[in-house]
Chemist: 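After the structure tokens below, expect a handful of questions from me.
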Amino acid sequence: MDKRIATLAEAVSGIPDGASVMIGGFGGSGAPIELIHALIDRFLETGSPKALTVINNNAGNGHVGIAALIEQGMVARMVCSFPRSADPRVFTERYQSGEIELELVPQGTLAERIRAGGAGIPAFYTPTSYGTDLAKGKPVEEFDGRPYVQERWLKADFALIKAEKGDPYGNLTYRMAARNFSPLMATAAARTVAQVSHLVAAGDIDPEAVVTPGIFVDGVVEVADPQQEEELNRAGAHHP
Amino acid sequence: MDKRIATLAEAVSGIPDGASVMIGGFGGSGAPIELIHALIDRFLETGSPKALTVINNNAGNGHVGIAALIEQGMVARMVCSFPRSADPRVFTERYQSGEIELELVPQGTLAERIRAGGAGIPAFYTPTSYGTDLAKGKPVEEFDGRPYVQERWLKADFALIKAEKGDPYGNLTYRMAARNFSPLMATAAARTVAQVSHLVAAGDIDPEAVVTPGIFVDGVVEVADPQQEEELNRAGAHHP
Amino acid sequence: MTEKLSNAQIAWRAAQDIKDGAYVNLGIGFPEMVAGYMPEDREAVFHTENGVLGFGRNPAPGDEDWDLINAGKKAITLRPGAAFFHHADSFAMVRGGHLDVAILGAYQVAQTGDLANWSTGPKGVPAVGGAMDLVHGAKRVAVITDHVTKHGEPKLVEACTLPLTGVGCVTKVYTSFAVIDIVDGHFVLREKLPGLSFDDLQSQTGATLHTDGDVADLTVPEL
Amino acid sequence: MTEKLSNAQIAWRAAQDIKDGAYVNLGIGFPEMVAGYMPEDREAVFHTENGVLGFGRNPAPGDEDWDLINAGKKAITLRPGAAFFHHADSFAMVRGGHLDVAILGAYQVAQTGDLANWSTGPKGVPAVGGAMDLVHGAKRVAVITDHVTKHGEPKLVEACTLPLTGVGCVTKVYTSFAVIDIVDGHFVLREKLPGLSFDDLQSQTGATLHTDGDVADLTVPEL
């Protein structure tokens with residue numbers, strides 16, 4: 001079993017036009033900057049992939065990562081809970097011009113829908129959003145005298161995530177709050193690729209410490225000193 | 001914050017007659033033998049608690065742990081997936097005589113129902129058990145052309161679990177396959193008490209290594225050299 | 001112009017009602033101030049949606065680790081006994097009723113407990129974050145807010161006119177003028193600034209203020 | 001009495017169809033034997049419901065650690081790259097379609113793919129375990145079984161008479177006589193013991209056997 005991928009270019013090579021892509025991270029923590037930028041570089045060279053649906057808690061910040069993906073016109077649709085950031089201009093302009101569609105999902109519902117996608121649960125009920133605009137058109141059912149909204153699972157064609165350690169079996173650990181959505185997204189995508197800061201040998205991750213078991217991961221690519229989105233933005237970085 | 005409890009007797013003192021109690025463990029791995037035996041000892045002294053509903057994957061083995069709890073007549077109802085074991089006689093007799101009611105739940109559905117109880121999800125849909133006797137009377141709904149069974153959350157008044165390390169905040173780690181249902185049960189019970197093999201100081205469990213965050217745990221009691229159910233049974237042990 | 005409490009003073013007042021040992025989520029922005037005013041003899045454990053329990057103060061500038069942030073994307077530090085977890089576990093804590101209290105900001109609060117705090121209407125980019133989960137998850141949902149808007153309009157109303165965050169979820173409101181419980185569809189005044197008459201307070205409130213026994217003086221330290 | 005494959009030989013045959021890199025769950029008891037017959041040049045990762053991925057052979061007697069067991073409560077060992085996880089995550093792997101194959105035992109398999117393997121009727125204590133989850137979760141569900149019961153009755157039938165484990169879930173059956181695919185509600189014979197005629201096999205099968213091209217000889221090593 002060897003899920004190692006040699007290059008970032010290879011790691012993102014299979015994503016076609018129109019694909020749905022879950023991208024890990026909450027703001028800058030956990031954002032797989034190098035994988036996203038490799039996808040942009042591929043687009044700049046080949047014109048593909050475009051018309052992507054991107055699933056992330058946010059909708060980009062500044063001019064790197066998801067914001068840069070949007071800026072290149074690669075994204076047709078965002079699914080997120082909080083499309084605001086310190087510098088949300090790239091998304092805001094595309095959204096207001098109608099170029100990007102937005103599905104706004106409460107954060108806990110977004111997390112649970114992704115988990116459900118990975119766990120084979122096609123639908124579940126939550127109290128979240130009951131009686132609000134975000135529940136419009138969704139079935140409501142009462143349990144034990146309280147109303148709940150039915151939500152559907154959320155799956156994707158690909159997940160691009162960032163992890164701390166990875167081994168050839170695809171087992172992953174994360175770094176602090178960079179964990180966030182990534183373990184869920186790994187389970188809910190048909191193909192999951194992780195950029196890992198430390199590629200280690202099989203057996204070097206304690207089985208007790210594995211956060212994402214390798215069964216959920218299809219490829220790992222080492223990015224030894226990953227860029228941090230927040231630091232890039234504080235430095236005013238652009239990609240490309 | 002100090003969730004430490006000094007004695008096993010104190011740890012099980014609040015459980016009343018008729019309570020529902022989730023008990024961690026899969027077979028002998030993860031079975032909180034000392035907590036269960038403390039509950040039996042309390043019953044032998046005071047006649048309480050009795051008429052318990054016990055939720056566990058199994059229904060006891062031999063004459064220790066859950067089997068001993070059943071043998072004392074303390075259990076009115078079992079919720080489990082696999083009420084068989086190397087020596088299931090205690091449960092089998094009480095079940096066949098009608099003294100104990102059994103709710104049989106597929107193992108994955110049992111796990112998911114407990115997780116749902118802890119996560120505030122009152123109901124969910126699963127393909128498991130569709131078209132079988134165990135789905136009788138349950139709502140069925142079709143999603144994307146496939147039929148699913150609606151299952152309800154499962155909560156309990158108490159959870160008694162076994163963990164490897166615990167700190168005064170209630171953070172827990174587990175030992176190998178002894179993890180099984182315990183992290184789920186900790187979330188789904190109104191009051192969760194863990195026996196821990198190593199009680200450590202706050203800060204001594206790496207925040208990355210915490211499996212059950214302390215918010216789900218109400219009490220920790222140290223049992224430094226816990227008994228292992230399988231070993232007790234191989235030695236032909238009885239409690240008391 | 002009526003004397004009113006500063007944001008710091010409102011946060012201080014809300015902090016006094018947090019019990020020792022409580023698990024607490026503070027909304028982004030103004031509510032984050034509450035953590036700074038916990039009584040010294042009490043310990044609360046703070047939860048942030050993005051997967052941290054038991055975080056502490058913000059680090060000094062230059063000491064930030066941007067993989068260690070709160071839901072407002074501010075850098076934080078850890079306290080002993082902290083834990084990391086993923087987003088589904090984080091919202092299991094929220095939705096599953098494990099938080100003792102969530103303290104949120106508000107555009108409007110209705111006497112029914114309805115809260116509007118995520119959208120000011122169809123203009124702009126909508127963003128909801130974790131607010132809709134928190135209002136139906138925490139055991140107690142409190143709001144801290146100015147009593148009136150910048151334009152002097154009541155924020156405590158009979159029925160919210162802005163898009164709802166949740167229905168019947170708020171049970172306590174700490175404002176720049178008063179402390180108000182929501183009981184059975186009514187605002188029940190518990191404390192008010194000593195220099196403010198009941199009638200003056202009522203005139204700045206968009207729904208009837210009820211009383212149930214004495215109304216205490218709302219007194220807070222200079223901050 | 002017809003020559004038939006031993007359990008070890010049925011397990012060997014099933015193992016030959018497991019691809020390199022597959023994630024596999026083996027049912028309690030007889031199916032556990034499959035792991036011992038994996039081709040040496042292929043590596044499968046074995047999953048057990050109780051929260052272990054990547055386990056290896058059973059330890060020598062005396063070397064057991066009873067906190068490290070499989071779903072059949074037998075002691076196991078770990079291979080490099082193993083992971084522990086809780087039961088909800090374990091069944092997320094199962095129900096979420098992450099396992100490549102589950103190999104289970106059977107009381108009866110119907111030509112529709114229906115499986116009965118958990119209950120022989122109302123007598124005794126019912127016990128289901130993880131079978132109902134596995135049959136609707138794994139990408140491929142195969143059965144290994146004697147072709148007939150101890151009493152000579154067919155186990156491959158038109159419709160199950162015993163309580164169902166799952167509906168339309170099995171796609172391949174490895175028996176003591178044959179290898180059979182289930183395609184569009186039919187048993188399609190792929191391999192049979194060379195010494196057994198089609199008519200003899202049909203006479204011991206409770207539903208019509210179809211063919212689709214050649215039927216290969218079912219040949220296995222002495223074990």
Side-chain angles (χ1 to χ4, degrees), chain B residues 26-30 57-59 61 80-86 88 91-92 95-96 102 104-112 114-116 118-119 126-135 146-148 162 164 174-185 211-212 228-231 234, chain D residues 28 48-53 55 64-76 78 82-97 112 114-116 118-119 121-137 160 162-169:
Chain B
F26 180 90
S29 64
N57 186 65
N58 307 102
N61 187 10
C80 58
S81 91
F82 204 80
R84 285 190 206 145
S85 62
F91 173 78
T92 301
Y95 172 72
Q96 289 181 332
L102 170 66
L104 191 72
V105 184
Q107 195 172 134
T109 298
L110 181 62
E112 191 68 10
I114 296 170
R115 181 196 175 269
T126 174
T128 302
S129 91
Y130 172 74
T132 76
D133 292 351
L134 296 190
R146 194 175 163 191
Y148 295 87
K162 179 184 186 178
E164 178 67 2
Y174 299 89
R175 184 166 184 271
M176 303 197 286
R179 189 183 302 196
N180 55 69
F181 285 90
S182 298
L184 311 173
M185 290 176 169
V211 176
T212 292
Q228 219 286 350
E229 186 186 281
E230 182 73 23
E231 286 167 11
R234 283 169 184 255
Chain D
I28 294 177
T48 181
E49 291 95 309
N50 54 316
V52 190
L53 196 67
F55 64 90
E64 298 95 345
D65 183 324
W66 295 107
D67 285 346
L68 184 57
I69 59 175
N70 66 12
K73 277 93 172 180
K74 292 197 188 72
I76 54 174
L78 294 183
F84 297 118
F85 35 86
H86 62 51
H87 247 84
D89 282 349
S90 182
F91 281 88
M93 293 176 192
V94 171
R95 203 190 303 103
T112 53
D114 292 1
L115 174 66
W118 74 281
S119 168
K123 282 185 71 173
V125 178
V128 64
M132 284 191 185
D133 305 279
L134 283 163
V135 296
H136 287 303
C160 295
L162 291 170
L164 291 185
T165 306
V167 174
C169 50

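Chain letters run A, B, ... following the sequence lines, proteins first, then strands; residues in each count from 1. All values derive from a computational prediction rather than experimental measurement.
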Chemist: Between Tyr174(B) and chain D, which part of the residue has a heavy atom less than 4.5 Å away: side chain, backbone, both or neither?
Modeler: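 Tyr174(B) has no heavy atom closer than 4.5 Å to chain D.
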Chemist: Please classify the contact between Val94(D) and chain B as side chain, backbone, both or neither, with a heavy-atom cut-off of under 4.5 Å.
Modeler: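 Neither part, no heavy atoms under 4.5 Å.
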Chemist: Where does Tyr95(B) contact chain D at under 4.5 Å (heavy atoms): side chain, backbone, both or neither?
Modeler: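 Contact with chain D involves the side chain of Tyr95(B) alone.
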Chemist: I need the residue from Val105(B), Asn57(B), Asn58(B) with the largest number of non-hydrogen atom pairs under 4.5 Å to chain D.
Modeler: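 Looking at each of Val105(B), Asn57(B), Asn58(B) in turn, Asn58(B) comes out on top.
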Chemist: Is the distance from the ring center of Phe26(B) to that of His87(D) below 6.0 Å?
Modeler: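 Yes, the ring of Phe26(B) comes within the 6.0 Å limit of the ring of His87(D), centre to centre.
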Chemist: If we count only N and O atoms by modelled type, under 3.5 Å, do the side chains of Gln107(B) and Asp133(D) hold a donor and an acceptor together?
Modeler: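 No donor-acceptor contact under 3.5 Å links the two side chains.
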Chemist: What residues form a ring pair (Phe, Tyr, Trp, His ring centres under 6.0 Å) with Phe84(D), not counting sequence neighbours?
Modeler: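 Once residues adjacent in sequence are excluded, Phe84(D) has no partner under the ring pair (Phe, Tyr, Trp, His ring centres under 6.0 Å) criterion.
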Chemist: Ignoring hydrogens and geometry, is there a side-chain-to-backbone donor-acceptor pair from Asp114(D) to Val167(D) under 3.5 Å?
Modeler: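 Checked: no pair found.
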Chemist: Pro163(D): which residues meet the side chain to side chain contact (heavy atoms under 4.5 Å, CB included) condition with it, sequence neighbours left out?
Modeler: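 Pro163(D): side chain to side chain contact (heavy atoms under 4.5 Å, CB included) contacts with Asp133(B), Trp118(D), Ser119(D).
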Chemist: Could you tell me which portion of Ala92(D) (side chain, backbone, both or neither) has an atom closer than 4.5 angstrom to a non-hydrogen atom of chain B?
Modeler: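 Neither part.
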Chemist: Is Arg175(B) in contact with chain D via its backbone, its side chain, both, or neither, using a 4.5 Å heavy-atom distance?
Modeler: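 Both parts, heavy atoms under 4.5 Å.
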Chemist: Checking heavy atoms, do the side chain of Leu102(B), its backbone, both or neither come under 4.5 Å from chain D?
Modeler: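 Only the side chain of Leu102(B) comes within 4.5 Å of chain D.
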Chemist: Which atoms of Thr48(D) are under 4.5 Å from chain B, going by heavy atoms: the side chain, the backbone, both sets, or neither?
Modeler: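 For Thr48(D), there is no contact with chain B at all, as no heavy atom is under 4.5 Å.
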Chemist: So what's closer than 4.5 Å to chain D heavy atoms on Thr109(B): side chain, backbone, both or neither?
Modeler: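 For Thr109(B), the contact with chain D is made by backbone and side chain together.
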Chemist: Assess whether side-chain contact (heavy atoms from CB on, under 4.5 Å) is satisfied between Ser29(B) and Asn180(B), documenting all intermediate values.
Modeler: CA-CA 8 Å; Ser29(B) 64; Asn180(B) 55 69; 3.6 Å; yes
